[in-house]
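Only one structure is covered here, and it is reproduced in the block below.
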Protein chains: 2
Amino acid sequence: MNIEEIRKAIHQHIEAKGLRKTIQRDAIIRAAFSTKEHFTAEGLLEMARKIEPTVSRATVYRTLPLLVEAGTLREMDFGKDYKFYDPNFNERPTHAHLICQDCNKIFEFEDAHMDILENCISHRLGFTPMTKTLRIEGRCNTMAKDGKCDGRGELALGTR
Amino acid sequence: MNIEEIRKAIHQHIEAKGLRKTIQRDAIIRAAFSTKEHFTAEGLLEMARKIEPTVSRATVYRTLPLLVEAGTLREMDFGKDYKFYDPNFNERPTHAHLICQDCNKIFEFEDAHMDILENCISHRLGFTPMTKTLRIEGRCNTMAKDGKCDGRGELALGTR
DNA sequence: CTCGTTGCAAATCTTTTGCATGTTT
DNA sequence: AAACATGCAAAAGATTTGCAACGAG
């Protein structure tokens, strides 16, 4: 799903709700999906203003729920006092997060077994899973052994 | 781990930090672990005041991090604007949550396969897992079939 | 007696909202 | 023209903090 498809999906959702297409909303959408990084409302405001300087904080906060409702953006809790948003669920619908307690980097990973197991458990409990969130916080093994944390990038992507 | 053991563990942690034992803190501890329900800071204040009326909101907010640090209480995000706390990780260290989107009840479950798989994945990625959080939101199958949601209790406990 | 602790109220910080004005259809 | 959207600034709501009085060791 590239950015044009995402934009189309969101505009469809917006239209279905009887709402309108505006330059501010479109700038916010473009900004949100121009990155693979997780971002905050404030960060999104900054990014959107580079595209369209008239975007206001209020419009960002009013638009974010639309992107979440449309199923294109996921609200995330990383233990901070403000919300983060993850734009990568379009590409990798079942990914989970591993947070390094040594360097604070957040890694994304997908695992088919995990996905299947989550589905099994849900059904055994009598539910059809809609949203699954797995977050693992851990210590870097290299850090424990050699005293240095080898996080290989801000956002490590890859199915293992 | 019963409440007396939990109190002891927390008092040990508090002492180790060079802090003091007070009636307000103890009331908050007793309140927090007198229930299996998830609670908010405000809810804990209410419960603690039934034990010791002099407890103030500020002290609750100052004490909560101590219980979390001591490893006896887990901070939880259930998508609301305020934090929830889960006192059940002492009894069931690896439990996860399933939230019914039809009735909003939160079920707790444990699954050994899940636990093992999470550990495997963590090690494969080069980490030793410290905290694992799994939350599944889903639709009730009975609701879908019969139009009624049969959540069998506020907090369903049990390994399946 | 010393230093941590408490309650209160004020401050903080993110997110929400009322309102007058501007835009989309 | 009608209905929705926007920016601004004020409001809201959870959590934090400064401070003077209090309490544990």
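Per chain, numbering begins at 1; letters A, B, ... match sequence-line order.
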Distance, rounded to the nearest Å, where B:Lys21 contributes NZ and D:dG25 contributes P: 7 Å
Touch class at under 4.0 angstrom, heavy-atom based, for B:Arg25 against every strand present: sugar-phosphate
Length of the line joining B:Lys80:NZ and D:dT15:P, which is rounded to integer Å: 14 Å
Sugar-phosphate, base or nothing in reach of A:Ile23, heavy atoms under 4.0 Å: nothing
Atom-to-atom span, CD1 of B:Ile28 to C1' of C:dT6 - whole angstrom: 10 Å
Rounded interatomic separation in angstrom, taking CD from B:Glu52 and C1' from C:dT6: 12 Å
Geometric class of the A:Phe78/A:His38 ring pair [parallel <30°, tilted 30-60°, perpendicular >60°]: tilted
Rounded interatomic separation in angstrom, taking OH from B:Tyr85 and P from D:dA14: 13 Å
Integer-rounded Å distance: C:dG22 P and A:Arg62 CZ: 16 Å
Given DNA chain D, 5'-ward residue of the pair A:Gly18 and B:Ala41, judged by closest heavy atom: A:Gly18
A:Tyr82 side-chain proximity, nearest of C:dT15, D:dG25, C:dG18: C:dT15
Validation row, ring centre B:His95 to ring centre B:Phe89 under 6.0 Å: yes
Contact check, side chains of A:Phe33 and A:Leu67, non-hydrogen atoms, under 4.5 Å: yes
Nucleotide C:dT15, atom P - distance to CZ of A:Phe39 in whole Å: 12 Å
Residue A:Thr22, side-chain heavy atoms: nucleotide from D:dA5, D:dG25, C:dG4 that is nearest: D:dA5
Which donor-acceptor pairs under 3.5 Å do side chains of residues 20-32 of chain B form with protein atoms, sequence neighbours excluded?
from, atom 1, to, atom 2, distance (Å)
B:Thr22, OG1, B:Arg25, N, 3.1
B:Gln24, NE2, B:Thr54, OG1, 3.4
B:Arg25, NH1, B:Arg20, O, 2.6
B:Asp26, OD1, B:Arg7, NE, 3.1
B:Asp26, OD1, B:Arg7, NH2, 3.3
B:Asp26, OD1, B:His11, NE2, 3.3
B:Asp26, OD2, B:Arg7, NH2, 3.1
B:Asp26, OD2, B:Arg30, NE, 3.2

5′-ward residue of the pair B:Arg20/B:Lys83 relative to DNA chain D: B:Lys83
Nearest-nucleotide 5' precedence on DNA chain C, B:Ile14 against B:Asp81: B:Ile14
Sugar-phosphate, base or nothing in reach of B:Tyr61, heavy atoms under 4.0 Å: base
Rounded interatomic separation in angstrom, taking CD from B:Gln24 and P from C:dT5: 11 Å
Atom pairs and distances, donor-acceptor, side-chain atoms in residues 125-132 of chain A, under 3.5 Å, two or more places apart:
from, atom 1, to, atom 2, distance (Å)
A:Thr128, OG1, B:Asn141, OD1, 2.7
A:Lys132, NZ, A:Asp115, OD1, 2.6
A:Lys132, NZ, A:Asn119, OD1, 2.7

